[in-house]
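As structure tokens, the structure follows; a few thoughts come after it.
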Amino acid sequence: MARIDDISFTLLNTIVAVYETREFTAAADELGIAQSTVSKRIATLEDVFGLSLFVRGSKSELLPTPAGRRLYSSAAGLLQQWSDAVYHM
């Protein structure tokens with residue numbers, strides 16, 4: 001079982017990409033990794049929180065759950081804060 005300590009910038013970047021593209025394949029292309037890796041990363045986050053982050057919509061579209069929307073908002077904010085901090089060093 002994954003733990004909260006297992007969350008990394010890599011996992012946060014993954015949920016942001018999936019949320020913004022609404023597809024594992026498109027997110028994988030954006031991140032330059034395999035679709036199966038994206039799926040595994042989202043599964044890890046779901047395991048950590050014990051919640052589903054996305055549900056399947058029409059075709060291959062992924063729809064964020066309320067938990068997915070909250071995590072996206074937090075992840076995007078954290079990544080932006082980190083980017084700003086690095087930029088100002």
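Keep in mind that the numbers below use all heavy atoms, side chains included, and drop hydrogens, waters and symmetry copies. Count residues from 1 along the sequence.
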_Heavy-atom closest pair, residues S52 and T65_ = O-OG1, 2.7 Å
*asked:* Would a single hydrophobic cluster contain both L12 and V86, if residues Ile, Leu, Val, Met, Phe, Trp and Tyr are joined by side-chain heavy-atom contacts under 4.5 Å?
replied: yes
*asked:* Quick check: is L45 connected to L78 through a chain of hydrophobic side chains (ILVMFWY, heavy atoms under 4.5 Å apart)?
replied: yes
_Checking the side chain of T14 only, and the main-chain atoms of T10 only, is there a donor and an acceptor separated by less than 3.5 Å?_
yes
*Spell out, as yes or no, whether a donor-acceptor pair under 3.5 Å connects the side chain of Q35 to the backbone of F24.*
no
*Find out if a path of hydrophobic residues (ILVMFWY) with successive side-chain heavy-atom gaps under 4.5 Å connects I42 to F9.*
yes
_Before you tell me yes or no, could you show the steps for V48 and R3 under side-chain contact (heavy atoms from CB on, under 4.5 Å), namely the whole-Å CA-CA distance, both residues' side-chain angles and the distance that decides it to 0.1 Å?_
CA-CA 5 Å; V48 166; R3 301 171 310 151; 5.8 Å; no
*Got a sec, which residues hit ring pair (Phe, Tyr, Trp, His ring centres under 6.0 Å) with F54, two or more places apart in sequence or on another chain?*
none
*Whether S60 side chain and E23 backbone form a donor-acceptor pair below 3.5 Å*: no
*Measure across A27 and T21 and return the closest heavy-atom pair with its distance rounded to 0.1 Å.*
N-OG1, 3.4 Å
*Under the 3.5 angstrom rule, does the side chain of S73 hit a backbone N or O of R69 as a donor-acceptor pair?*
no
*Donor-acceptor pair, side chain of D47 and main chain of A43, under 3.5 angstrom*: no
*If you take all heavy atoms of L53 and E46, which pair is closest and at what distance?*
N-OE2, 2.9 Å
*Could you state whether V55 and F49 fall into the same hydrophobic cluster, counting links through intermediate Ile, Leu, Val, Met, Phe, Trp or Tyr residues with side-chain heavy atoms under 4.5 angstrom apart?*
no
*Apply the test side-chain contact (heavy atoms from CB on, under 4.5 Å) to residues R41 and I33: give CA-CA distance (whole Å), side-chain angles for both, the deciding distance (0.1 Å), then the verdict.*
CA-CA 11 Å; R41 289 179 182 174; I33 58 176; 3.2 Å; yes
_Distance (rounded to the nearest 0.5 Å) between R56 CZ and L63 CG_ = 10.5 Å
*So, for A75 and I15, which heavy atoms are closest and what is the spacing to 0.1 Å?*
CB-CG2, 3.9 Å
*Kindly indicate whether a cation-pi arrangement holds for R22 with Y19, taking the cut-offs as under 6.0 Å to the six-membered ring centre and within 45° of the axis.*
yes
